[in-house]
2 protein chains.
Amino acid sequence: MRVLSKATVYGLRALVYMASERERTGYVSIGEIAEKLNISFHFLTKTFQTLTQHGILESYRGPNGGVALTKPAEQLFLTDIVHVLEGADFFDKCLLGLPGCGVEAPCPVHDFWKEAKRAMKEEFDITSLAELGEKVSDERFRLVA
Amino acid sequence: MRVLSKATVYGLRALVYMASERERTGYVSIGEIAEKLNISFHFLTKTFQTLTQHGILESYRGPNGGVALTKPAEQLFLTDIVHVLEGADFFDKCLLGLPGCGVEAPCPVHDFWKEAKRAMKEEFDITSLAELGEKVSDERFRLVA
DNA sequence: TGTATTTAAGACAATTTTGTCCCAAAACTA
DNA sequence: TAGTTTTGGGACAAAATTGTCTTAAATACA
């Protein structure tokens, strides 16, 4: 059951890593993150550019440059990231791929899937990068194989 | 939020269509299904071959041939189909893509995701092709755009 | 001013998924 | 037996995703 693209997975892991380094001030370099999380630097850079263009990150070039969250991690939720990286219709798709699936003309699994999406979105709405970052700082949780 | 590949989506829709034609006896031709559901005949054929090889369908060649469910639609559940088309580990994957994510070394969203997968699997376990086929026969639900 | 560091951006390749096509094999019909 | 229908299976193409690389632009610092 794969729900997120690799681009989104890498982006999320990287953001949580940043949130887990809470005490640090200033920018974190993409190279450091890529190395720590063992993911492709160039690939992550592209995902981060998307996040920067959509106001999740701000970036700064040159020595001691890098990226930083535009808001406190307490105010950035999974839904925000997923909306940017997967599209605004992320929680609004038919399980059977039918275009206008809805109350008008639902597919046979519409009701169940609607509820599953609602529960999922609810959790994504309240889960902040700060919460996940803390878990990682606490050691018992990991971001890398 | 895309959970199933197109191959699986097409396969599922086709199986539900077959279940919805309950009164019919004998084989249903793949060509008919593909036409009715407006999906690629060749693509569907490949998916159906997989289902045949795994005992979900039985096939018969020649005039009046086609495919048929090996068991009554009441005894075929979404989990069975998904296991064949998506793999046996379908309900066992980490949201962040980490290989051995589990109680030992969980990712920071492990607990939530575990519960979401459990709820999803529970529904897939109890939803039969018969149930979905009936909904489609009842007209209020559709399988095609 | 020149060099090193770091993100920005795009070209390009590799891989996976999706889709198309052709021919063989099986079965029926005349 | 010949011809038609239908699935089986593989080759192949197209598209999307993932991954790599190169160059440019911005910034700091000596």
Side-chain angles (χ1 to χ4, degrees), chain A residues 1-15 18 24 26-70 82 85-87 90 93 96-97, chain B residues 2-15 18 24 26-70 82 84-87 90 93 96-97:
Chain A
M1 190 177 167
R2 177 194 205 134
V3 167
L4 304 173
S5 69
K6 291 211 174 188
T8 300
V9 162
Y10 294 157
L12 257 182
R13 300 224 299 251
L15 290 171
M18 291 174 69
R24 284 167 64 176
Y27 297 99
V28 182
S29 83
I30 303 176
E32 173 196 327
I33 302 172
E35 191 179 8
K36 285 279 178 57
L37 299 186
N38 195 31
I39 61 189
S40 154
F41 164 74
H42 288 103
F43 198 55
L44 180 58
T45 293
K46 284 201 296 190
T47 299
F48 267 10
Q49 280 172 23
T50 304
L51 290 170
T52 300
Q53 286 156 3
H54 286 82
I56 306 286
L57 292 176
E58 73 183 295
S59 66
Y60 197 84
R61 301 198 235 198
N64 297 313
V67 291
L69 301 175
T70 52
V82 153
L85 296 180
E86 298 275 347
F90 182 71
K93 285 180 181 162
L96 297 185
Chain B
R2 178 196 205 127
V3 166
L4 304 172
S5 68
K6 291 210 173 190
T8 299
V9 161
Y10 295 157
L12 257 182
R13 300 223 301 250
L15 290 171
M18 292 174 68
R24 283 168 64 178
Y27 297 98
V28 182
S29 84
I30 303 176
E32 173 195 328
I33 302 171
E35 192 178 6
K36 285 279 178 56
L37 298 186
N38 195 30
I39 61 189
S40 155
F41 164 73
H42 292 286
F43 198 55
L44 179 58
T45 293
K46 285 200 297 189
T47 299
F48 267 10
Q49 281 173 23
T50 304
L51 290 170
T52 299
Q53 287 155 2
H54 286 83
I56 305 286
L57 292 175
E58 73 184 293
S59 65
Y60 198 83
R61 302 197 234 198
N64 297 312
V67 291
L69 301 176
T70 53
V82 153
V84 167
L85 297 180
E86 298 276 347
F90 182 71
K93 286 180 180 161
L96 296 185

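Each chain gets a letter, A, B and so on, in the order the sequences are listed, and its residues count up from 1. Nothing here was measured: the structure is a model prediction, and the numbers come from that model.
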Undergrad: From C-beta outward on R61(B), which listed nucleotide comes closest to its side chain: dT18(C), dT18(D), dG8(D)?
TA: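 For the R61(B) side chain, the nearest candidate turns out to be dG8(D).
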
Undergrad: Please report the distance, rounded to the nearest Å, between CG in L51(A) and P in dA8(C).
TA: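 Rounding to the nearest Å, CG of L51(A) and P of dA8(C) are 11 Å apart.
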
Undergrad: How many angstroms lie between CD1 in I30(A) and CD in E35(A), if you round to the nearest 0.5 Å?
TA: 14.0 Å

Undergrad: If the cut-off is 4.0 Å, is S59(B) near the phosphate of dG8(D), judged by side-chain N/O to OP1 or OP2?
TA: yes

Undergrad: Rounded at 0.5 Å granularity, tell me how far CG in L12(B) sits from OG1 in T47(B).
TA: 10.5 Å

Undergrad: Between dA27(C), dG19(C), dT20(D), which nucleotide gets closest to the side-chain atoms of Y10(B)?
TA: dG19(C)

Undergrad: Select one nucleotide: of dT7(C), dG8(D), dT4(D), the one nearest the side-chain heavy atoms of P63(B).
TA: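 Selected nucleotide: dT4(D).
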
Undergrad: If you compare all heavy atoms of M18(B) against all heavy atoms of L69(B), which two are closest, and at what distance to 0.1 Å?
TA: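 Distance-wise, the nearest heavy atoms are CE-N, 3.9 Å.
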
Undergrad: Between dG8(D), dT18(C), dT7(D), which one does the side chain of S29(B) approach most closely?
TA: dT7(D)

Undergrad: For the side chain of K6(B), starting at C-beta, report the closest nucleotide among dG8(D), dT18(D), dG19(C).
TA: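 Of all the options, the side chain of K6(B) is nearest to dG19(C).
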
Undergrad: Between T52(A) and K46(A), which residue's closest nucleotide on DNA chain C lies nearer the 5′ terminus?
TA: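 Residue closer to the 5' terminus by nearest nucleotide: T52(A).
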
Undergrad: Given dT18(D), dT20(C), dT7(D), identify the nucleotide with an atom nearest to the side chain of F41(B).
TA: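 Side chain of F41(B) sits closest to dT7(D).
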
Undergrad: Quick check: on DNA chain C, is the nucleotide nearest H42(A) upstream (toward 5') of the one nearest G62(A), or the reverse? Name the residue that is more 5'.
TA: G62(A)

Undergrad: What orientation do Y10(B) and F43(B) show, parallel under 30°, tilted 30 to 60°, or perpendicular over 60°?
TA: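 Judged by the thresholds at 30° and 60°, the geometry between Y10(B) and F43(B) is perpendicular.
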
